[in-house]
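Notes for the one structure printed next.
We use all heavy atoms of the structure for the numbers below, so side chains are in, but hydrogens, waters and symmetry mates are not. Below, chain A is the first sequence line, B the second, and so on; all start at residue 1.
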2 protein chains.
Amino acid sequence: MDTKTLCLGVLTHGDASGYEIKKAFEDGPFGHIQEIGFGSIYPALAQLLKDNLVTVTQYTQEGRPDKKVYSLTATGRLFLLDALDEPTEPDKVRSDFLFRMMFAHLLSPSALEAMIDERMAVLTEAIAGLEQRANSGFAPASETFIDGYALAIYRAMADYIEENRYQLVSASLLPQRAVAE
Amino acid sequence: MDTKTLCLGVLTHGDASGYEIKKAFEDGPFGHIQEIGFGSIYPALAQLLKDNLVTVTQYTQEGRPDKKVYSLTATGRLFLLDALDEPTEPDKVRSDFLFRMMFAHLLSPSALEAMIDERMAVLTEAIAGLEQRANSGFAPASETFIDGYALAIYRAMADYIEENRYQLVSASLLPQRAVAE
DNA sequence: GTGATATATATCGTTACGATATATTATAAT
DNA sequence: ATTATAATATATCGTAACGATATATATCAC
């Protein structure tokens, strides 16, 4: 799923600027699907415009910079529908945290504990945020489903780490063979 | 965590070729951390060699292509240790599946069911593989921890989808407003 | 008042990704 | 028996994405 298709997806929820599309992938309804940066969004929007999959209207704002609001065209909508019909790619994960845990035996116990504590803090905060959102107002079925999915995963992560962290910490307390050899 | 550091990480487990490094990120101990392709690995190894973080020995094999086996240098090991000491980046996820679930209301019920069934099949297979590996032999604490972590997440995903899929399917049965408007 | 956060777009160099090419052997299927 | 596929092994190349940076203003907290 490339950035262009991702942008088209957000635009089905209503017209938006590049900045607003980014926000949708941060805290908004697309927040747990993936992250995208401005360096991907603006070139993608320029390309979509060239291909007539979106149109743009420029709004002059007082105080703030001009806003370019993009709208989906009929062709754009069909393009998205076609993309949705293609085979689903497997999920892609990259966990800097897990990579570090792979080298628990090379870390000092205190450094390791600090990493795990930091990770737990991030998870606890994410869980609290999702719980709050779940109890506040109405959302479309898809958003409720995805928020619940993310919540279930974060809880599973936090529970697992809390119950098994001692395994890594004891490995860290052993003589650091890999460094010594 | 860039590809170069990822490669150095694998090499702490012993000398390896580019091909073997890729395998380590497929089924091996690094399997649940992230994916990397040859297009990333070979240029990374060339760069590491240039920077004297690894050395290479070429083995002429009968039948098979020549094998270039890379070894970590002392400098390379220090480089990895320094990288491990830097702030941990947040996990990055990109889920083509969740993106599609966001548009459940635009899909036909049968297409949606097929996507969910396919996803469940992938998860069930991953869970079975991890359960088998958990009951077969001894592994370092870090690998046991990471496999258990992955297993906990896959189970949480499968359980959640099985219990909440009806929410999406009923949304799909409603008139497709977005297309009709 | 000073620094941080939010709004808003854009570019640019480096990285990474995905597809493809090449070559051989072992195994599986028809 | 023959054909196809998977596995072993390296490498490149065009495209896509990422991360940092630049620019500009307003609000908000300390």
>> Check this one for me: any side-chain N or O of S17(A) less than 4.0 Å away from OP1 or OP2 of dT9(C)?
In response: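 Yes, within the criterion.
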
> Within the pair Y19(B) and dT10(D), is there a side-chain N or O less than 4.0 Å away from OP1 or OP2?
Replying inline: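 Indeed not, no polar side-chain atom of Y19(B) lies that close.
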
What integer distance in Å separates [X]:[atom1] from [N]:[atom2]?
| X | N | atom1 | atom2 | answer |
| --- | --- | --- | --- | --- |
| D27(A) | dT5(C) | CG | C1' | 14 Å |
| L45(B) | dA16(C) | CG | P | 12 Å |
| K23(B) | dA9(D) | NZ | P | 7 Å |
| I41(A) | dT11(C) | CD1 | P | 15 Å |
| Y42(B) | dT22(C) | OH | C1' | 12 Å |
| K22(B) | dC17(C) | NZ | P | 11 Å |
| Q47(B) | dT15(C) | CD | P | 7 Å |
| F25(B) | dA16(C) | CZ | C1' | 14 Å |

> Any sub-3.5 Å donor-acceptor pair from E89(A)'s side-chain atoms to M1(A)'s backbone N or O?
Replying inline: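 Yes, E89(A) side chain to M1(A) backbone: donor-acceptor pair under 3.5 Å.
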
> Hey, does the side chain of S170(A) reach the backbone of Y166(A) with a donor-acceptor pair shorter than 3.5 angstrom?
Replying inline: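 Here the side-chain-to-backbone pair exists.
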
> Which one, dA10(C), dA9(D), dA11(D), comes nearest to the side chain of K68(B)?
Replying inline: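 For K68(B), the side-chain atoms sit closest to dA11(D).
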
> Taking NZ, NE, NH1 and NH2 as the nitrogens, is one of them in E35(B) or R94(A) under 4.0 Å from a carboxylate oxygen of the other?
Replying inline: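 No, this pair does not count.
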
>> With a 4.5 Å cut-off on side-chain heavy atoms, are T5(A) and D2(A) touching?
In response: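 Yes - at least one pair of side-chain heavy atoms lies under 4.5 Å apart.
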
> Are the side chains of Y149(A) and H32(A) in touch, meaning some heavy atoms are under 4.5 Å apart?
Replying inline: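 No, their side chains stay 4.5 Å or more apart.
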
>> Counting primed atoms plus P, OP1 and OP2 as sugar-phosphate and everything else as base, spell out the protein contacts along nucleotides 14-20 of chain D at 4.0 Å heavy-atom distance: B, S or - for each nucleotide, 5' to 3'.
In response: ---SBB-

>> Does D91(A) form a side chain to side chain donor-acceptor pair (under 3.5 Å) with S95(B)? I'd like the steps, not just the answer.
In response: CA-CA 5 Å; D91(A) 281 12; S95(B) 176; 2.9 Å; yes

> Does F30(A) belong to the same Ile/Leu/Val/Met/Phe/Trp/Tyr cluster as V93(B), with side-chain heavy atoms less than 4.5 Å apart forming each link?
Replying inline: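 No; tracing contacts between hydrophobic side chains, which count when under 4.5 Å, never links both residues.
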
